[in-house]
Amino acid sequence: MKKIGITGQAGFVGNHLYTTLSLDDTVKLIPFERSFFDNQVALEDFVSQCDIIVHLAAMNRHDDVNVIYNTNLKLVDSLISACTTTKSTPHIIFSSSSQEDRDNLYGQSKKEGKEKFVAWAAKSEGKFTSLTIPNVFGPFGKPNYNSVVATFCHKVARNEEPTIINDGEVGLIYINELVKIFVDAINGDAEADSIGQNSTEIRIQPTSKNKVSRILELLNRYKKDYMGNGVFPSLEEPFEKALFNTFRCYVPQDHYPVKFTKHTDPRGSFVEIARTQTSGQFSFSTTVPGITRGNHFHTRKAERFAVISGKALIQLRKIGTDEVINYHLDGKEPAYVDMPIWYTHNIKNVGEEELITLFWINEPYNPEDADTYFEDV
């Protein structure tokens, strides 16, 4: 059982890493709060419990760049001091940045922080790994803070017009890809270069490079086709699938449920569930009154629930939060709700008649790689 603590576990990368590690039965997560850095006793108690500490806590935005520099180095000094006082020698995994080679105080704080950890590892017999990280994007990033992708997704989904200041090529890594590298580093499976006694470094390269204008073009296409007409794009190309899954998490809650167009004639009725530019699996279920299906979530799959007969309550909850989103659907007005990744979800027959639900998911079910994790909403 590996005991792992994550400073900055509530941040963008920290939240994704924390929720991913929580799926591993061989890991015990040691809770961390930002206030620990202002409470030496709490910080010392935290480090003394950890076999591995992933140090993600940092400041990267402030009107005064000197505050960024001083804050980031103070966090490093506090962590090293707590380890020294308690004679703790965890494996510290440090989130550095590709900006450490640039002439700015944020990058300088990362470079000098890394050097402090290298010195600590050599002196204490602890272990240190530095991950130099390029620009990251993915679900739940803060607009105007974490990445241009987060900002563009937020604005496009809300009918706002993003501004391209510099249409340069940007190298990106998707959060799921980055988390895998962190997990490999935790497990000792990542290829790393030595940078000192007991210290290694992993310089992570972007997995995609795109001009800013192309990213915006794709997002506008998702807005028009997906939000406007319910059409799923092609999900074959890894970057486009990652960008689409990111965009879906910025779709406003009140966009759903989306009513279908119902075509009726003397023979009966016809409803198109989903038009798609990708492969996938269409299915349907019948559910007797009072029964609930689901209570699981996915980390990569795109999925649609469509109620065509009966009354249903569809519930969603983002993993790691308490807020439950409720959607009431009635087959008299057929409608659908799409399931964002990292949201556990279910569907319950709340009527007195049989419930008929149609499902679409972009990957046929594979029991050896199901990407299905059970958790009650």
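One N or O on the side chain of H298 and one on the backbone of D371 form a donor-acceptor pair closer than 3.5 Å. Remark: side-chain polar atoms of S97 are paired, donor with acceptor, to backbone N or O of Q99 under 3.5 angstrom. N362 contributes a side-chain N or O that, together with a main-chain N or O of A302, makes up a donor-acceptor pair within less than 3.5 Å. A donor-acceptor pair is defined here as one N or O able to donate and one able to accept, closer than 3.5 Å; no such pair exists between the side chain of R293 and the backbone of N349. With hydrogens and angles disregarded, no donor-acceptor distance shorter than 3.5 Å links the side chain of H55 to the backbone of L75. Formation of a donor-acceptor pair under 3.5 Å by the D184 side chain with backbone atoms of D189 is not found in this model. With hydrogens and angles ignored, the 3.5 Å screen pairs a side-chain donor or acceptor of T7 with a backbone N or O of L56. A side-chain donor-acceptor contact under 3.5 Å links T151 to the backbone of N144. A donor-acceptor pair under 3.5 Å is absent between the side-chain atoms of T85 and the main chain of A82, judged by distance alone. At least one donor-acceptor pair under 3.5 Å links the side chain of H345 to the backbone N or O of Y343.
Rounding to the nearest 0.5 angstrom, the gap separating the CD1 atom in I53 from the SG atom in C83 is 4.5 Å. Going from atom OG1 of T19 over to atom CG of L23 covers 7.0 Å, rounded to the nearest 0.5 Å. Put simply, NE2 on H154 and SG on C249 are 14.0 Å apart, with the number rounded to the nearest 0.5 Å. Summarising the geometry, atom NZ belonging to K155 is positioned 10.5 Å from atom CZ belonging to R158; distances are rounded to the nearest 0.5 Å. Between atom CD1 of residue I6 and atom OG of residue S95 there is a gap of 11.5 Å, rounded to the nearest 0.5 Å. A distance of 6.0 Å separates CZ of F12 from CG of N146, quoted to the nearest 0.5 Å.
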### Task
Evaluate the side chain to side chain contact (heavy atoms under 4.5 Å, CB included) criterion for residues I356 and T287: first the C-alpha distance (whole Å), next the side-chain angles of each, then the deciding distance (0.1 Å), finally the verdict.
CA-CA 7 Å; I356 300 177; T287 306; over 6 Å; no
### Task
Could you go through the side chain to side chain contact (heavy atoms under 4.5 Å, CB included) check for N326 and V324 one step at a time?
CA-CA 6 Å; N326 296 300; V324 176; 3.8 Å; yes
### Task
Could you walk me through whether L316 and I314 pass the side chain to side chain contact (heavy atoms under 4.5 Å, CB included) test, one step at a time?
CA-CA 7 Å; L316 297 90; I314 293 177; 4.0 Å; yes
#### Entry: side chain to side chain contact (heavy atoms under 4.5 Å, CB included) evaluation trace for L105 with N66
CA-CA 7 Å; L105 285 177; N66 289 291; 3.5 Å; yes
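With salt bridges taken as basic N to acidic carboxylate O contacts below 4.0 Å, one links R221 and E217. Classification of E240 and R214 as a salt-bridged pair holds, one side-chain N sitting under 4.0 Å from a carboxylate O. With salt bridges taken as basic N to acidic carboxylate O contacts below 4.0 Å, one links R317 and E375. Between D330 and K259 there is no salt bridge, since no side-chain nitrogen of the basic residue lies less than 4.0 Å from a carboxylate oxygen of the acidic one. A salt bridge is defined here as a Lys NZ or Arg NE, NH1 or NH2 lying under 4.0 Å from an Asp or Glu carboxylate O, and K114 with E201 meets this definition. A salt bridge does not link D51 with K127: every distance from a Lys NZ or Arg NE/NH1/NH2 to an Asp or Glu carboxylate oxygen is 4.0 Å or more. Contact check on K262 versus E333 returns no salt bridge, with no Lys/Arg side-chain nitrogen under 4.0 Å from an Asp/Glu carboxylate oxygen.
V136 and Y250 are members of different hydrophobic clusters when ILVMFWY side chains are connected at heavy-atom separations under 4.5 Å.
Not counting sequence neighbours, the partners of K116 by the salt bridge (charged side-chain N to carboxylate O under 4.0 Å, His left out) test are D77. A search for salt bridge (charged side-chain N to carboxylate O under 4.0 Å, His left out) contacts involving E236 returns nothing, not counting sequence neighbours.
Contact record, G113 with F94: C-CE2, 4.3 Å, taken as the closest heavy-atom pair. Looking at every heavy atom in both residues, P134 comes nearest to I173 through CG-CG2, 3.9 Å. Closest approach of A312 and V307 over heavy atoms only: CB-CG2, 3.7 Å. Closest heavy-atom contact between V118 and G196: CG1-CA, 4.4 Å. Contact between L235 and K241 at its shortest, heavy atoms only, is O-CD, 3.5 Å. In this structure, A370 and Y365 approach most closely via the heavy-atom pair CB-CE1, 3.6 Å.
For F232 and Y226, the gap between ring centers is short of 6.0 Å. Residues F359 and F305 bring their aromatic ring centres within 6.0 Å. Taking the six-membered ring for Trp and the full ring otherwise, W342 and F297 have centroids separated by under 6.0 Å. Checked against the 6.0 Å centroid criterion, the rings of F244 and F239 do not qualify as a close aromatic pair. Taking the six-membered ring wherever Trp is involved, the centroid distance between the rings of Y373 and H296 does not fall below 6.0 Å. Ring pair W360/Y336: centre-to-centre distance not below 6.0 Å.
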May I have the list of side-chain donor-acceptor pairs in residues 159-171 shorter than 3.5 Å, sequence neighbours left out?
unit_1 : atom_1 : unit_2 : atom_2 : d
N159   : OD1    : K223   : NZ     : 2.7
D167   : OD1    : V212   : N      : 3.3
D167   : OD1    : S213   : N      : 2.8
D167   : OD1    : S213   : OG     : 3.2
D167   : OD2    : S213   : OG     : 2.9

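Using cut-offs of 30° and 60° for the angle between ring planes, the Y174 and F137 rings count as tilted.
No more than 12 heavy-atom neighbours from other residues, nucleotides or ligands sit within 6.0 angstrom of CG on D25. In this structure, D103 places its CG atom where only 12 or fewer heavy-atom neighbours from other residues, nucleotides or ligands lie under 6.0 Å away. Around the NZ atom of K28, the shell of radius 6.0 Å holds no more than 12 heavy atoms that belong to other residues, nucleotides or ligands. Within 6.0 Å of CZ on F282 lie more than 12 heavy atoms contributed by other residues, nucleotides or ligands.
In summary, of the residues considered (K110, K111, R203), a salt bridge (charged side-chain N to carboxylate O under 4.0 Å, His left out) with E100 occurs for R203 alone. Considering N245, T372, I341 as possible partners of K301, the one that fulfils the side chain to side chain contact (heavy atoms under 4.5 Å, CB included) test is T372.
Remark: the N346 side chain and the T292 side chain contain no N/O donor-acceptor pair separated by less than 3.5 Å. Using a 3.5 Å distance cut-off with no hydrogens or angles, the side chains of Y106 and N72 do not pair a donor with an acceptor. For Y327 and Q315, the side-chain atoms include no donor-acceptor pair closer than 3.5 Å. Judged purely by distance below 3.5 Å, without hydrogens or angles, the side chains of T200 and T129 pair a donor atom with an acceptor atom. A donor-acceptor contact under 3.5 angstrom links the side chains of Q49 and D45, judged on distance only. Between the side chains of T86 and E44, no donor-acceptor pair of N or O atoms lies under 3.5 Å.
The shortest side-chain heavy-atom distance between L29 and S22 falls under the 4.5 Å cut-off.
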